[in-house]
Structures are given as structure tokens and as C-alpha cells.
Amino acid sequence: MNLSQILILAKETQATESMTNAAGSGSHLILLITVFVLAVFIGFEIITKIPPTLHTPLMSGSNAISGITLVGALLTALAGEPFLVRIFGTLAIILATMNVVGGFLVTHRMLGMFRKKG
Amino acid sequence: MNLSQILILAKETQATESMTNAAGSGSHLILLITVFVLAVFIGFEIITKIPPTLHTPLMSGSNAISGITLVGALLTALAGEPFLVRIFGTLAIILATMNVVGGFLVTHRMLGMFRKKG
Amino acid sequence: MNSTWIDLSYLVVIVLFIFGLKGLTHPRSAVRGNMLGSLAMFLAVVVTLFATEQFDWTLIVIGIAIGTVAGCYLAYTIQMTAMPQLVALFNGFGGLASVLVAGAYLMIVVDDSPQASVLIATAVSGLIGAVTFTGSIIAFAKLQGLKFIKDIRFSGQKLLNLGLFLAGLFFAFLVFKQPEHAIFYYWLMVAFSLGLGIFLVISIGGADMPVVIALLNSYSGLAAAATGFVLENNLLIVAGSLVGASGLILTQIMCVAMNRSLGNVLFGKLQPTGGDGPDAAVVYANVKSTSADEVAMMLEVASRVVIVPGYGMAVAQAQHAVSDLSDYLTEHDVTVEFGIHPVAGRMPGHMNVLLAEADIPYEQLKEMDIINPTFEQTDVVIVVGANDVVNPDAQNDPNSPISGMPILEVHKARTVVVIKRSLSPGFAGVPNPLFAADNSLMLFADGREAVVDILAALREG
Amino acid sequence: MNSTWIDLSYLVVIVLFIFGLKGLTHPRSAVRGNMLGSLAMFLAVVVTLFATEQFDWTLIVIGIAIGTVAGCYLAYTIQMTAMPQLVALFNGFGGLASVLVAGAYLMIVVDDSPQASVLIATAVSGLIGAVTFTGSIIAFAKLQGLKFIKDIRFSGQKLLNLGLFLAGLFFAFLVFKQPEHAIFYYWLMVAFSLGLGIFLVISIGGADMPVVIALLNSYSGLAAAATGFVLENNLLIVAGSLVGASGLILTQIMCVAMNRSLGNVLFGKLQPTGGDGPDAAVVYANVKSTSADEVAMMLEVASRVVIVPGYGMAVAQAQHAVSDLSDYLTEHDVTVEFGIHPVAGRMPGHMNVLLAEADIPYEQLKEMDIINPTFEQTDVVIVVGANDVVNPDAQNDPNSPISGMPILEVHKARTVVVIKRSLSPGFAGVPNPLFAADNSLMLFADGREAVVDILAALREG
Ligand SMILES: NC(=O)c1ccc[n+]([C@@H]2O[C@H](COP(=O)([O-])OP(=O)(O)OC[C@H]3O[C@@H](n4cnc5c(N)ncnc54)[C@H](OP(=O)(O)O)[C@@H]3O)[C@@H](O)[C@H]2O)c1
Ligand SMILES: NC(=O)c1ccc[n+]([C@@H]2O[C@H](COP(=O)([O-])OP(=O)(O)OC[C@H]3O[C@@H](n4cnc5c(N)ncnc54)[C@H](OP(=O)(O)O)[C@@H]3O)[C@@H](O)[C@H]2O)c1
């Protein structure tokens with residue numbers, strides 16, 4: 001239940017109606033977009049601080065994070081009744097898991113080399 | 001309309017139901033909290049980059065930004081039928097406007113001093 | 001105006017705020033950053049007003065007009081030295097606005113069985129806003145040196161604070177638990193929180209106010225964010241949390257620079273002088289004093305001079321005189337640099353602002369870590385109204401209340417001239433062995449007058 | 001599992017990802033950062049699985065098992081020099097997964113008249129995912145040096161790309177416009193996008209692949225974020241946009257370091273040698289070659305040596321030999337430092353990874369801006385398989401294709417020894433006047449062998 005729904009109950013007063021109009025973030029979509037924009041800012045701020053030495057591990061590490069599609073794949077595979085959906089879901093799971101597991105491991109291997117001398 | 005609402009239409013299939021469960025960000029509130037958390041991260045990342053020279057302007061400048069309550073005050077004043085609500089709203093508008101206008105101006109004055117020598 | 005457009009405009013405002021803050025990370029882009037921020041705020045207000053088609057705008061326009069005029073007046077008439085209290089005042093206004101908005105909103109929605117999360121957010125917004133309001137006002141009064149406010153301390157104060165806090169929390173809980181009486185409980189909660197704000201700040205020493213202000217600044221941001229949760233408005237949430245983070249980090253920076261914990265600032269007391277600290281009379285047995293003429297003679301033969309400004313320079317408004325002196329010396333082939341301690345003065349970056357006001361080039365200002373290794377090659381250090389930030393006891397005496405605070409190591413220079421009016425202590429209230437050191441000379445005078453005299457003597461000689 | 005708990009767990013995952021990324025900002029915390037990231041991913045998977053009470057997990061478990069085994073295998077068997085292609089391969093997998101997820105989701109919701117925004121997000125996710133998939137696979141094949149892939153260029157290629165892109169966009173539009181046939185249009189769109197990925201990357205030179213990979217990495221993040229919009233899942237959105245930003249910045253850094261625009265990398269060609277550039281035969285008229293023994297003699301009397309590694313060191317796997325040489329010299333009181341150019345090798349930070357693999361202390365690795373002013377005081381520079389990054393034409397010849405690229409100014413050292421197998425050019429395909437300079441000596445040999453020989457000569461002598 002969100003503001004708009006509460007305020008539907010209070011529709012009688014013209015006052016609150018105008019509020020629904022302007023309260024902002026009325027829609028789910030705009031919130032998702034806000035989250036997207038903020039996350040991009042965080043990405044930029046953090047990545048620009050990473051020293052060149054760590055750029056290759058960063059590349060493989062962030063690549064592993066992009067395997068987050070795995071969560072989407074799981075949701076789809078769990079949701080899908082039609083045969084094709086399950087096949088697609090399972091295929092996506094295999095691919096995304098490789099991306100995730102391989103990406104993190106290879107990054108770990110690389111970083112291990114940096115640490116040895118420490 | 002958000003995912004949960006769409007999926008209510010599709011309630012027949014057990015499949016999609018489990019999806020509603022897990023899709024995440026089902027609720028408005030959690031999205032707002034996410035926005036809050038991300039914004040705090042951005043704040044930390046940016047502020048830690050600000051050099052000591054600019055700390056006083058930062059203090060007054062960020063103080064001005066906290067006057068964003070002005071938007072809340074406007075929404076309330078616009079929405080309020082009851083007399084008290086309008087009074088409170090107007091008072092809040094006066095206070096928040098002082099915070100905003102004064103804060104930005106005084107920051108500008110301060111920064112002007114830095115620039116002169118440039 | 002269509003609601004999607006409003007949402008999108010708010011998103012643009014959010015982005016502008018972030019870029020504005022990013023602008024403040026560099027002196028060159030800071031002015032633009034601040035302008036972006038105010039542009040964003042303007043946009044937010046305009047969009048919000050146009051969101052409603054037909055409405056009686058009278059009150060709103062009057063409100064904005066009054067606020068604008070008052071804000072402009074304060075911003076343009078304030079002295080640069082009074083900046084801390086002005087920030088405190090504005091801060092308090094913001095806090096009170098949050099209290100009023102949350103209270104008014106509660107009246108609007110209370111009959112429509114609002115959601116638990118909205119009630120909680122309302123209570124949080126009112127609680128934080130009220131503490132911010134009275135806390136800031138007390139901080140303002142203290143910094144302004146208003147007579148009726150003293151450092152009030154009594155036994156049981158912590159208990160009282162705890163009691164007020166718990167009472168506030170309890171009524172906040174009732175707001176959420178018994179929504180049918182929410183309005184009543186809300187104002188009761190606000191009343192206790194107002195009290196809490198007063199008693200929290202009233203016992204804190206005036207010199208610790210900058211830390212308190214930064215913290216209250218953070219609170220006012222959090223209050224705005226909470227209001228955002230009340231109205232389910234992501235613009236308020238983002239802007240509020242940016243400010244919240246900023247205030248917290250500034251608080252943190254100041255505490256680190258003073259080598260004290262936040263808890264110690266808020267609740268602890270500094271040890272009173274003479275307790276188990278060194279006795280001032282003993283420390284100051286061998287103090288040598290000097291005259292402006294003598295200092296001028298030393299400067300004439302110096303090749304490297306470092307000026308260390310402190311709170312006294314702000315009090316004496318000596319920055320322009322200091323700037324003239326620096327110019328004179330530079331023209332006569334003396335290398336002049338300024339040693340800036342991070343907590344010299346009473347605000348973070350206080351000295352930078354004052355020196356910038358007096359047109360001293362950015363490159364001459366050196367941070368502590370940069371200037372410290374150079375003192376051994378420095379002929380004369382002129383300390384203008386600084387005290388604690390040049391106290392060698394912070395390094396040498398582990399029992400000193402300021403032990404561990406990083407300092408400017410001026411005692412390593414060949415000669416140190418300290419300009420202040422007396423031997424009275426600085427903010428921390430501890431004697432300073434520097435004043436009695438072999439290579440130290442005291443010039444007892446008002447900061448501005450002393451510097452003007454030195455310059456006059458130089459010009460004559 | 002309660003939906004609120006799921007949401008909160010996802011929020012925790014988001015925070016962990018951000019802290020993980022922050023960990024990567026420092027070598028000391030990088031390992032922990034990467035672990036935090038994988039922990040976050042694990043948590044996300046577990047939470048998602050437990051979100052559904054009763055379900056046939058067989059397929060899912062099988063899928064995860066296969067993926068894990070394959071991922072481990074690849075990660076542990078890969079050579080460090082083959083890192084770029086491995087990243088490309090993983091990247092492609094991620095892209096294809098996005099295509100499949102969006103496609104499957106479309107099948108689930110298509111009958112329930114989904115929202116416009118969901119349809120758009122689905123189409124975007126499929127489009128970007130498909131381009132990422134084929135683009136990455138081509139990049140992989142090129143870097144792996146697979147024979148059947150060459151730099152294929154034909155006239156009208158840009159037109160073809162544009163056509164494919166527009167066709168993809170058109171069918172994406174139809175997905176959204178005619179939801180009743182959405183599935184059909186979706187796969188049509190995917191088909192065109194797959195083609196687009198192929199033809200976009202196939203014409204780009206193998207040496208530019210790192211830039212392409214960083215860009216595709218960014219795309220795969222954006223595809224994941226788009227999938228997040230499809231599922232209205234903020235975890236996918238945040239994680240995806242973090243990766244999107246990261247890839248874009250890396251692309252940008254590489255382009256700046258090569259002094260080329262992204263457009264030039266993607267669509268332009270480097271001028272072929274001999275066009276209006278200098279002629280190799282003329283440039284190389286006065287090349288002097290040397291032997292391992294001679295180099296060893298020079299090193300014996302040197303007091304400061306800088307080693308500049310390049311792509312050739314990676315090819316020859318010479319890092320361990322170089323490390324031994326550096327140890328030997330250091331033990332004999334020679335100051336040894338490494339000059340690291342930001343785009344030496346074929347990946348950003350490529351040289352750092354290789355040298356770290358060979359246990360060379362972090363402090364000996366100097367970035368370009370730090371090491372450049374020291375070359376004039378350097379007795380011997382040993383260039384191991386670097387070419388373009390030490391080409392003085394980048395500074396001197398405004399017509400050179402690499403003009404403006406910042407370089408390591410090794411030509412300012414007293415003596416430069418260049419180890420490479422021949423006079424053949426490096427990645428940019430231009431001759432290097434350094435090789436013919438008065439203070440240069442060429443040591444024609446495989447990188448590893450040459451260094452081993454020098455060390456042997458030193459030990460004997
Ligand atoms: N900057 C911040 O953010 C901040 C925040 C919180 C606390 N603090 C604290 O404030 C202190 C700052 O150190 P500080 O060395 O700058 O100042 P200080 O230790 O407070 O000393 C200031 C000195 O200036 C002298 N003075 C006052 N008026 C003067 C005048 N008109 N002409 C000449 N001298 C004058 C005073 O001596 P006389 O009375 O004898 O003249 C006094 O000893 C530190 O202890 C710091 O921890 C700073
Ligand atoms: N690092 C990045 O992120 C990145 C990304 C994109 C593009 N690039 C480009 O890649 C280039 C990197 O410059 P660079 O100086 O490192 O490399 P380079 O200019 O490509 O030159 C490498 C040299 O190594 C020699 N070599 C090859 N195998 C060898 C072996 N086994 N032993 C000894 N030498 C061998 C080659 O000469 P021989 O064949 O005669 O032995 C060649 O001239 C730059 O132009 C840069 O713009 C880099």
C-alpha cells in the first residue's frame with residue numbers, strides 16, 4: 001500500500017488529491033529509475049578511486065557482479081510452468097553461474113598474486 | 001501499477017505467484033529505503049573528497065540543502081484544508097525558505113572570497 | 001501538471017543536487033556547485049507549486065516572500081566571524097520546519113488509518129526535528145555570547161537527558177501504536193524532544209559548538225529524509241541523506257583533528273586547569289616578552305617566515321593586517337607561508353575562509369602535514385592568536401587533556417613570536433609551555449594592533 | 001519466506017556489493033572486497049531459492065552445479081596472459097543469460113497485458129544482452145587467435161551495422177507496440193542484435209580488444225540492470241548499474257591513455273604503416289645491436305636501472321626472469337625500479353598483474369608521471385618487449401598515428417637496451433625511432449631468454 005492508495009481512501013477532500021499529484025515517487029517505475037541513477041553515481045565515485053594497479057582485477061570482478069542476472073534466471077526458472085520457460089531458465093542459470101563463479105575465482109587468483117609479497 | 005498488481009491478474013498459475021514472492025522491491029517502502037541507503041553512500045563518497053579549505057562552505061551549503069523540507073512544507077500547505085494545517089504549513093514555509101535562501105547566499109558570499117584571488 | 005513529469009523533474013533535481021555537491025570538491029568548481037544546488041532547489045519549488053492547478057496561493061507566496069527577505073538580510077549582514085552561529089540558526093529553522101510539516105501531515109492523514117511506516121516516519125521526523133531546533137538555538141545563543149546562556153551543568157543531567165529521550169521515544173511509540181490519538185501524542189513527543197535538545201547542548205562548552213553544529217546539521221538532514229518517508233517523496237529522502245552524511249563526516253573530521261571521541265565532546269568535560277595538569281605559574285616562570293620594533297628587526301634579517309593564525313586572529317579581525325604584512329615581507333624577498341591547522345579557529349576550514357577574505361593566495365596556505373617538516377628551516381614563526389594548536393604538550397605530556405592532538409610544531413623554528421593579549425589559556429584551558437620556551441617571545445597585544453605595529457616598524461626601519 | 005525479509009536481504013546484498021567494490025580501491029583490502037562481493041552473490045542466490053516453498057529444484061540444482069564446475073575449471077586452468085579473453089567469454093555468457101531471462105519472462109507475462117515499461121525493459125535487456133553475447137564471443141575468438149576469425153573489413157560495413165541496429169530497434173518497438181505478438185518480435189529483435197554484435201566487433205583490430213571488452217562489460221551490466229527493470233528488482237538494477245559505470249570508466253581510462261576517442265577505436269582504422277608515416281627502412285638505418293654479455297657489463301657499473309615492461313614480456317612470460325634479474329641487481333646495490341605505462345600490455349593494469357605474479361614488491365612499480373622525471377638520472381633502461389609506449393614520435397611527430405599519446409621518456413636515459421625479437425612494429429604498427437637513437441642498443445631475442453642470458457652473464461662475470 002502506498003501513498004496513492006491511502007489517499008484514494010481520502011478522495012473526498014480536494015486537498016489531499018492535489019497532494020497525490022505532487023507527492024513525487026508516486027509510481028514504482030520512477031523509484032526504480034531513481035535507484036538506477038543513484039547506483040550509477042556510486043559506481044562512478046567508487047571506480048574513479050581505484051588505482052591502475054587494480055584495473056584488471058576490477059574488470060574481472062565487476063564482470064562477476066554482472067552475473068547477478070543469475071538471480072533473474074532463478075526467478076524465471078522457479079516461476080516457469082511452460083516447458084520452454086524452464087529450459088531457457090536452466091540455460092540462463094548455467095551461463096550466469098559460470099559468469100559468477102568463474103569471475104570471482106579468477107579475480108581472487110589474480111589478487112592472490114598481489115598479496116603474496118605483502 | 002507494479003509487479004504485484006500485474007501478477008494478481010495472473011494468479012491462476014502457481015508459478016507466477018511464487019514470483020511475486022521473490023521478485024524483490026515488491027513494496028514501495030523498501031524502494032524508499034534503498035534510495036535512502038544509496039544516497040547516504042553517495043554523500044559519504046563525495047564529502048570525503050572535499051578538501052579542508054572548503055569545509056566551512058560545505059557546512060553552510062549542505063545546511064541549505066537540508067532546507068529541502070521546503071518542498072514538504074509546500075505540499076502540506078497546498079494540501080491542507082483545516083486552518084491549523086495551513087498555519088503550520090505557512091510557518092514551515094517561512095522557516096524553510098530562510099534556511100534555503102540564507103544558506104545558499106551565505107555560501108556564495110564565502111566562496112566569492114576564495115575566488116577573488118584566482 | 002502530469003504526475004510523471006513531476007516525478008521526472010524531482011529526479012532531475014536530485015541529480016543537480018549531487019552534481020552541486022560534487023562541485024564543492026574543488027575550489028575552482030565550488031561556486032558553480034553552490035549555484036547548481038540553488039538552481040536545483042528553485043526548480044524543486046517551482047515544480048511543486050505547478051503541481052496543483054487551482055489553489056489559493058496567497059499564504060504560500062507571503063511565506064516564501066518573508067522567508068526570502070529574512071534569509072537575504074541575515075546572509076548579507078552577517079560578519080564572517082559569526083558564520084558558525086548563522087549556520088546554527090538556519091539549521092534550527094530547518095528542524096522546526098520538519099516538526100511542523102510532519103505535524104500538519106499527521107492532521108491530514110490521521111483519519112484515513114495511515115500506514116504504520118508513515119506514522120513511524122512522522123514520529124521520527126518530529127523527534128529529530130525538535131531536538132535539532134532547540135539544540136541549534138542554544139548553540140546559536142552560546143556562540144553569540146548571549147549573557148543569559150551559560151554552560152549549565154548540574155548533577156543528574158545525564159539522567160535527565162536519558163529520561164527526556166525515553167519519554168520522547170515512548171510517545172513516538174504511542175503515535176504509532178494508538179493512531180486514533182496520534183496528534184496528541186505527537187505534540188507531547190515534540191515537547192519532550194524540545195527539552196532534550198536544550199539540555200543536551202546547554203552543558204557543552206562554547207568552544208565545542210562547531211562539532212555540535214555539524215552534528216545538528218546532520219540531524220536536520222535526517223529529519224528532512226524522515227519527512228521524505230512521511231510524504232513518500234524520494235527528493236526529500238535523497239537531499240536529506242546527502243546532508244546527513246555530510247554532517248556526520250564533518251563531525252568525524254573535527255573529532256579526529258582534536259583527538260577526542262564524539263562521546264567525549266557531547267558528554268565529557270575537559271579537565272579543569274590546575275587539576276592534575278601542570279601549574280600555569282610554574283610553566284610560565286621564564287616567559288620573555290618583546291615589542292613590535294624588536295619583531296620588525298628580526299623580520300628584516302629573516303629569509304623564511306611562517307605565520308600561524310588561530311582563533312585570536314578571527315576575534316581581532318586581524319586577517320587584513322596579516323595579509324599586508326605578508327605582502328610587505330614577500331616584496332622584500334622573504335618567503336612567507338601560512339601554517340593552517342585543521343581545527344584552528346572554531347569551524348573546520350575557518351582560517352582558510354578568513355585568509356581568503358583577505359586575498360592571501362591559495363598557494364601560500366599549507367596544511368599541517370606539509371608545513372611541519374619545514375619549521376626547522378624557518379627563521380621566524382609568527383603565531384597570531386593561536387594557542388592549543390601549537391601546544392607542544394599535546395606531543396610531550398601524556399597526561400595533558402589535549403594529549404595526542406596533532407599540532408603545528410612551531411617550537412622547532414629558530415624564533416617563535418606569539419601574539420596574544422595575555423597568558424590566558426585557549427579553548428582547552430591548559431597552559432602552553434611554548435610561551436616559556438627559550439626560542440619564544442611573547443608580544444602581548446590585540447592581534448590586529450600588534451600586526452599593524454610590526455608593519456609600521458618595518459616601514460620606518 | 002516473507003516478502004519483506006526477501007526485500008531486506010536484497011538490500012543487504014546491495015550494501016555488500018557496494019562495500020565489496022569499495023574494497024577494490026586499495027590493494028590491501030582488495031581480496032576482502034572480492035570476497036564480500038562473492039558472499040553477497042551467494043546470499044542473493046540463497047535468499048532467492050528460499051523465497052519459494054515448494055518447487056521442483058532438480059533443474060535448478062543441475063544448472064548451478066554445471067555452471068559452478070565449468071566456472072571453476074576455467075578460472076583455475078587459465079593462464080594469466082589469457083585473462084582478457086576469459087573476461088570476454090564470461091561477459092558473453094552474462095549477456096546471453098540476460099537474453100534468455102528476458103525472453104522467458106516475456107512468455108510468462110505476455111498473456112496478462114504487461115505494462116509498457118516492462119515491455120520496454122524486456123526489449124532493452126534482450127537487445128543489449130544479444131549484442132554483448134556475440135560481441136564478446138568474437139572478441140574472445142580474436143584474442144585467442146582462432147584462425148577462422150580475421151579482421152574482416154568490407155565497404156558498406158558501417159551501413160550494415162546501422163541497418164542491423166535500426167532493425168533491432170524497430171522490432172524492439174514492435175514488442176512494445178504489439179504486445180500480442182511480443183514473443184515473436186522479441187526473438188526477431190534478438191536475431192538482428194546478435195548479428196549486430198558480430199559485425200561491430202569483427203572489424204576492430206585485435207589490439208583494441210581490451211577497450212571493446214571493457215565496453216562490453218559495461219553493456220552486460222546495463223543488460224542486467226534492464227533485466228532488473230523487467231522483474232522490478234532493485235538488486236539487479238543496482239548491481240547492473242555498478243558494473244555499467246565501472247566498464248564505462250575503464251573504457252574511458254584506456255582511451256585517454258591511448259589518446260584516442262572511443263569512436264575512433266570502434267569505427268576508425270589506424271593509418272597503415274608507410275602511408276604518410278615515416279618509412280621504416282629510413283628510420284632504422286643506424287640501429288646498433290648488442291649481446292647479453294655486453295648488457296651485463298653495463299649493468300655491473302650502473303647505479304640506477306629502470307626496467308620498462310611491455311606486451312612482449314607477457315608474450316614471452318618473462319616476468320619471473322625479470323624478477324630474478326631485479327633481485328640480483330638490488331642485492332648488488334643497484335637501484336632498480338619499474339616504469340609502468342597505463343596501457344602497456346593489452347589490459348589496463350596488465351603489467352602490474354604480471355609483475356605481482358612474479359613477486360616484485362609494490363614499491364618498485366612506478367607510474368608514468370612518477371618515473372618520467374627520473375630517466376635523466378638513470379644509467380640503463382631495459383625495455384622488455386615494449387614498443388609503442390616508449391615511442392618518442394608520440395611526442396615529436398604530430399603526424400604520427402600515436403601522436404599525443406603520453407609515453408615513458410626512456411630516450412632521456414644514458415643508455416637504453418631494447419629487448420625484442422625483431423624490428424617489427426608493435427600494436428600501433430608504426431616504426432619507433434628510439435631503436436635507432438644514439439644511446440639505444442637492440443638485443444634481438446625472445447624476452448625471457450634474453451633476460452635469462454643477461455643474468456647468467458652477470459653471475460659469471
Ligand atoms: N576549528 C574547529 O573546527 C574547532 C572546533 C571545535 C573546537 N576547536 C578547538 O578550538 C581550538 C582552536 O585552537 P586555536 O589555537 O585556534 O585557538 P585557542 O586555543 O582557542 O586560542 C585562541 C587564543 O587567541 C587569543 N586571543 C583571543 N582574542 C585575541 C585577540 N583579540 N588578539 C590576539 N589574541 C587573541 C587568546 O589568548 P588571549 O585571551 O590571551 O588573547 C587565546 O589563547 C582548539 O583547541 C580546537 O580543538 C576547533
Ligand atoms: N594495456 C591496455 O589496456 C591496452 C588496451 C588497448 C590497446 N593497447 C595498446 O597496446 C600497446 C601496448 O604497448 P606495448 O609497448 O606494451 O606493446 P606493443 O607496442 O604492442 O609492442 C609489443 C612488442 O613486444 C615485442 N614482442 C612480442 N613478443 C615478444 C617476445 N616473445 N619476446 C620479446 N618481445 C616480444 C614485439 O616485437 P617483436 O615482434 O619484434 O618481438 C612488439 O613490438 C599500445 O599501443 C596500447 O595503445 C593497450
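All chains are named by letter (A, B, ...) in the order of the sequence lines, taking the proteins before the strands, and each is independently numbered beginning at 1.
Contact count against chain B (heavy-atom pairs under 4.5 Å) is highest for G37(C) among G240(C), G37(C), G33(C), A44(C). Most heavy-atom pairs under 4.5 Å with chain C, from the set L38(B), V100(B), L70(B): that is V100(B). The candidate from V101(B), T90(B), T48(B), T56(B) with the greatest count of non-hydrogen atom pairs under 4.5 Å with chain C is T56(B). Looking only at heavy-atom pairs under 4.5 Å with chain C, the residue among A64(B), S62(B), G89(B), G61(B) that has the most is S62(B). Considering only heavy-atom pairs separated by less than 4.5 Å from chain B, the leading option among V45(C), L235(C), T25(C), L365(C) is T25(C). The choice from V238(C), L86(C), N217(C) that makes the most heavy-atom pairs within less than 4.5 Å of chain B is N217(C). Interface remark: of the candidates V37(B), L58(B), I65(B), I65(B) forms the most heavy-atom pairs closer than 4.5 Å to chain C. Considering only heavy-atom pairs separated by less than 4.5 Å from chain B, the leading option among I66(C), L24(C), L242(C) is L24(C). Options S38(C), S117(C), G221(C), S98(C) differ in how many heavy-atom pairs under 4.5 Å they form with chain B, and the most are formed by S38(C). Chain B forms more heavy-atom pairs under 4.5 Å with one residue of I213(C), V87(C), I340(C), I14(C) than with any other, namely V87(C).
Not one N or O on the side chain of T132(C) forms a donor-acceptor pair closer than 3.5 Å with the backbone of G95(C). Judged by distance alone, with hydrogens and angles left aside, the side-chain atoms of N352(C) form no donor-acceptor pair with the main-chain N or O of L54(B) at under 3.5 Å. For the pair T77(C) (side chain) and Y73(C) (backbone), a donor-acceptor distance under 3.5 Å is present.
Side-chain contact check for T48(C) and Y10(C): at least one donor-acceptor pair (N or O, by modelled atom type) lies under 3.5 Å. In this structure, a donor-acceptor pair under 3.5 Å is present between the side chains of T107(B) and S60(B).
For chain C, the nearby parts of V71(B) are the backbone and the side chain; heavy atoms of each come within less than 4.5 Å. For L250(C), the part lying under 4.5 angstrom from a heavy atom of chain B is the side chain only. Both the backbone and the side chain of I78(C) come within less than 4.5 Å of a heavy atom in chain B. Residue E367(C) touches chain B through its side chain alone, counting heavy-atom pairs closer than 4.5 Å. Residue A96(B) touches chain C through both its backbone and its side chain, counting heavy-atom pairs closer than 4.5 Å. Contacts of A225(C) with chain B are made by side-chain atoms alone, with heavy-atom separations under 4.5 Å and no backbone atom involved. For I33(B), the parts lying under 4.5 angstrom from a heavy atom of chain C are both the backbone and the side chain. For I249(C), the part sitting under 4.5 Å from any heavy atom of chain B is the side chain, from C-beta outward, and nothing else. When heavy atoms are compared at a cutoff of 4.5 Å, L91(B) approaches chain C by way of both its backbone and its side chain.
Counting heavy atoms from C-beta outward, V13(C) and V47(C) have side chains that stay 4.5 Å or more apart. Considering only heavy atoms from C-beta on, R109(B) comes within 4.5 Å of Y76(C) through its side chain. The shortest side-chain heavy-atom distance between F17(C) and I68(B) falls under the 4.5 Å cut-off. Side-chain contact between V118(C) and E232(C) is present, with at least one heavy-atom pair separated by less than 4.5 Å.
Other residues, nucleotides and ligands contribute more than 12 heavy atoms inside 6.0 Å of the CD atom of Q364(C).
By the ring pair (Phe, Tyr, Trp, His ring centres under 6.0 Å) test, F88(B) is found to be paired with W187(C), residues two or more places apart in sequence or in another chain being considered. With sequence neighbours left out, N99(B) forms a side-chain hydrogen bond (donor to acceptor under 3.5 Å, both in side chains) with no residue at all.
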